[in-house]
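In the text below, chain A, chain B and the rest are named by the order of the sequence lines, each starting its count at 1.
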2 protein chains.
Amino acid sequence: MPDDLRQEEYELLARIAHRYYVDDSTQEEIAREFGLSRPKVQRLLDRARRAGVVDIHIQAPPGLNLDLEDELRRTFKLTDAIVGPPYPDAQAQREAVARCAARYLERRLADGSVVAVSHGRDTGALPRFFHPDRRIDCTFVSAMGGSPNVDAPTNPNEISRALAERSGGRAVSLYAPAYVERAEIRDELRQQETVAHTLRLAAGADIALVGIGGTDDDCTMVRSGCLSVDEMARLRSQGAVGDVLGNYVDMLGRPVSSPHQERLIALTVEDLRRIRTAVAVVSEVEKPRAVLGVLRSGVVDVLVVDEPNARAVLALAREDGLGEGRRGSGGSGSGAAVPAGEVVDRRV
Amino acid sequence: MPDDLRQEEYELLARIAHRYYVDDSTQEEIAREFGLSRPKVQRLLDRARRAGVVDIHIQAPPGLNLDLEDELRRTFKLTDAIVGPPYPDAQAQREAVARCAARYLERRLADGSVVAVSHGRDTGALPRFFHPDRRIDCTFVSAMGGSPNVDAPTNPNEISRALAERSGGRAVSLYAPAYVERAEIRDELRQQETVAHTLRLAAGADIALVGIGGTDDDCTMVRSGCLSVDEMARLRSQGAVGDVLGNYVDMLGRPVSSPHQERLIALTVEDLRRIRTAVAVVSEVEKPRAVLGVLRSGVVDVLVVDEPNARAVLALAREDGLGEGRRGSGGSGSGAAVPAGEVVDRRV
DNA sequence: CCCATCGATGAGCAATTGATCACCGCAGCT
DNA sequence: AGCTGCGGTGATCAATTGCTCATCGATGGG
């Protein structure tokens, strides 16, 4: 393995590394023992590590994909990435990812935490697996209005209530529809104190829990009525690949506008950016393009995703050679020889 | 592997360990990321290491026996142990061990070092492989007189001279025979300034380089004439198993006296104990019992030995259940239910 | 209920390691 | 010959980690 090392040097590196890592000797002890200076020992240890003389392997539990998570984190400048094990069945896959997300939440929540909760099948699956081992005095607040057209467990108020119940915290519901017919009605509802208070609380949350939607006709935005099938077709023709909280982006993460946004009662994408930890939960198989677009927008901090989607997203990013892509800043959407830009580090 | 860990705990340990060892994150960074305290992260890393979640393996060069060396060091409280690769041929084996010893010396010698050199075939093989990569202003001094009955390369003066030549240092010879016929002659010679000066220098050395002799009739002590065959038979019947500088010990490391000692012109065993680093070089196949006895005497700090002998010595120590044995302090030598004592740590 | 014990915890200090910097030696060039 | 650039080195300071200790909470026993 370390072909570039002379035998003597290799032997010395191995001895010193063994003393340090196996025998738990300090660098000073080793220095004394080998007649070297302490900084010299430090350098030799560095060299031993770089040369592969020291092989550190983490025995992870089955199903834990630490290297894949690393790659996601690095590629998309994420605070964290959690990859759940693959399942052949969509429902089992959703549950596995929800379990991972629940575990993440259990670790991250502290007394006083505020979590803004979005709609979606993936976020909706989470409460069932959420069992904190202590009472957490936190707040779950709806980030979006509700819709009667989708299952109750998909609605933010129900998700918030269930999460609050299991943690011993409290739920703050948004008593408003997810969308209205005219922008004027939306503006009026948003100024109503009950709605405004809840949205303010959500906008000031520590953590946002969101799903990433696709642009197929079965997505939550269409099923809930926020978007018509025609409007969705139009978004697709404009290059939209996915959404978070109803805000669509293209493959490079640039926003794709649509009149439906003026009808939504939800956190805006600007609100979302201001939240310290935006957690996206994804388990559906048709989602890699949507996930890639949303990750490139830079709006997500933590991605909880199934392994097949994780691999597909990374493969997509590698194929188009743009890596994390370019943060949307307006443009023609032509996609012609756009150089790989940098994601704005909004956590500074 | 970590069966006693709950799944969640195992996963957390693996994540944290991966961040620390693979991602090079600091404990503080990990603490912030996982919402824990820094000391808690440190404890989790400790647990991860103890639980085997962290697997650190040193890629040693072929022929390097770091674990065996560890075991020798631990079993016999040695400053160091170096185990050379096995060879089927006695001469090749001696050369391999001498090469190891030469390398050890090269590492350890500094300007101003004084090395006291004993007789023996194993020490005599060393100069041939001794090639320091820089000039070392050191001194090699004979620890024992010489004998015309053995090969010149086995005599301390020749060894010292050869080592000095290769390092650019200087040799101080002992112009006296290894033994005389009467104790009175020995006392007279030891008081002669040329002899006294050399022995004083040798007694004040930083490093002593010695062989370990057996009790067979072909050993250097008999060949050189220091001991007759009868005297050797008597020593054997008294339980002697090996010697260093003509001082015999039994299997437990206790001294076995003999009148020949009053006739020797060499460093005493007390002198040897006062030298900071006494290095014993051993390559002969009949030696495990001798090595075990001498190691148990506590007089040796560093053992350079071939692999078969190393294994045999450790097996012997395990078989008689006494480990490093008991340091000789006088006694009947009955060996009846003597508890495993401790080697006095003379390096304090 | 109270009390004692034990283990976990974070604050804070000590020890160790990482990294910067001035200096030195060496090799190559003029 | 002198000069320059480069890499290695140890002294030293900064950063990180190890470890001690006081405190707290949980548990079990009386």
I'd like to check the side chain to side chain donor-acceptor pair (under 3.5 Å) partners of [X]; sequence neighbours left out, ordered by chain and number.
{"X": "B:Arg161", "answer": "B:Glu158"}
{"X": "B:Glu307", "answer": "B:Asn65, B:Arg311"}
{"X": "B:Ser173", "answer": "none"}
{"X": "A:Tyr104", "answer": "A:Arg108"}

TODO: Mind running side chain to side chain donor-acceptor pair (under 3.5 Å) on B:Tyr21 and B:Arg49 for me, showing each step along the way?
DONE: CA-CA 11 Å; B:Tyr21 285 104; B:Arg49 282 188 293 262; 2.6 Å; yes
TODO: Tell me, please, the opening and closing nucleotides of DNA chain D, 5' to 3', among those with an atom under 4.0 angstrom from a non-hydrogen atom of chain B.
DONE: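 Terminal contacting nucleotides, 5' to 3': D:dT16 to D:dT20.
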Quick one: salt bridge (Lys or Arg N to Asp or Glu O under 4.0 Å) partners of [X], sequence neighbours excluded?
{"X": "A:Glu8", "value": "A:Arg6"}
{"X": "B:Arg43", "value": "none"}
{"X": "B:Arg200", "value": "B:Glu193"}

Can you measure [X] atom [atom1] to [N] atom [atom2] for me and round it to whole angstrom units?
{"X": "A:Glu28", "N": "C:dA14", "atom1": "CD", "atom2": "P", "answer": "19 Å"}
{"X": "B:Glu29", "N": "C:dG18", "atom1": "CD", "atom2": "C1'", "answer": "14 Å"}
{"X": "B:Phe34", "N": "C:dT9", "atom1": "CZ", "atom2": "C1'", "answer": "19 Å"}
{"X": "A:Ile16", "N": "C:dT17", "atom1": "CD1", "atom2": "P", "answer": "13 Å"}
{"X": "A:Gln27", "N": "C:dT17", "atom1": "CD", "atom2": "P", "answer": "4 Å"}

Open item on the list: If the threshold is 4.0 Å, N to carboxylate O, is there a salt bridge linking A:Arg19 and A:Glu29?
Closed with: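 Judged by the 4.0 Å cut-off on N to carboxylate O distance, A:Arg19 and A:Glu29 do not form a salt bridge.
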Find every protein N or O atom lying less than 3.5 Å from an N or O atom of nucleotides 22-26 of chain C, and list the pairs.
none

Task: Contact list for residues 96-105 of chain B, test salt bridge (charged side-chain N to carboxylate O under 4.0 Å, His left out), sequence neighbours left out - done: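 Sorted pair list: A:Glu11-B:Arg103.
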Open item on the list: Check the phosphate of C:dT16 against A:Tyr20, side-chain N and O only, distance under 4.0 Å to OP1 or OP2. Yes or no?
Closed with: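 No, outside the criterion.
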Open item on the list: According to side chain to side chain contact (heavy atoms under 4.5 Å, CB included), who are the partners of B:Ala60, at least two apart in sequence or on a separate chain?
Closed with: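 Side chain to side chain contact (heavy atoms under 4.5 Å, CB included) check on B:Ala60 returns A:Ala14, B:Leu64, B:Leu66.
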Open item on the list: Expected output is a numbered-order residue list: members of residues 37-45 of chain B with a heavy atom under 4.0 Å from any atom of DNA chain D. What is it?
Closed with: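 Going residue by residue through residues 37-45 of chain B, the ones with a heavy atom under 4.0 Å of DNA chain D turn out to be B:Arg38, B:Gln42, B:Arg43.
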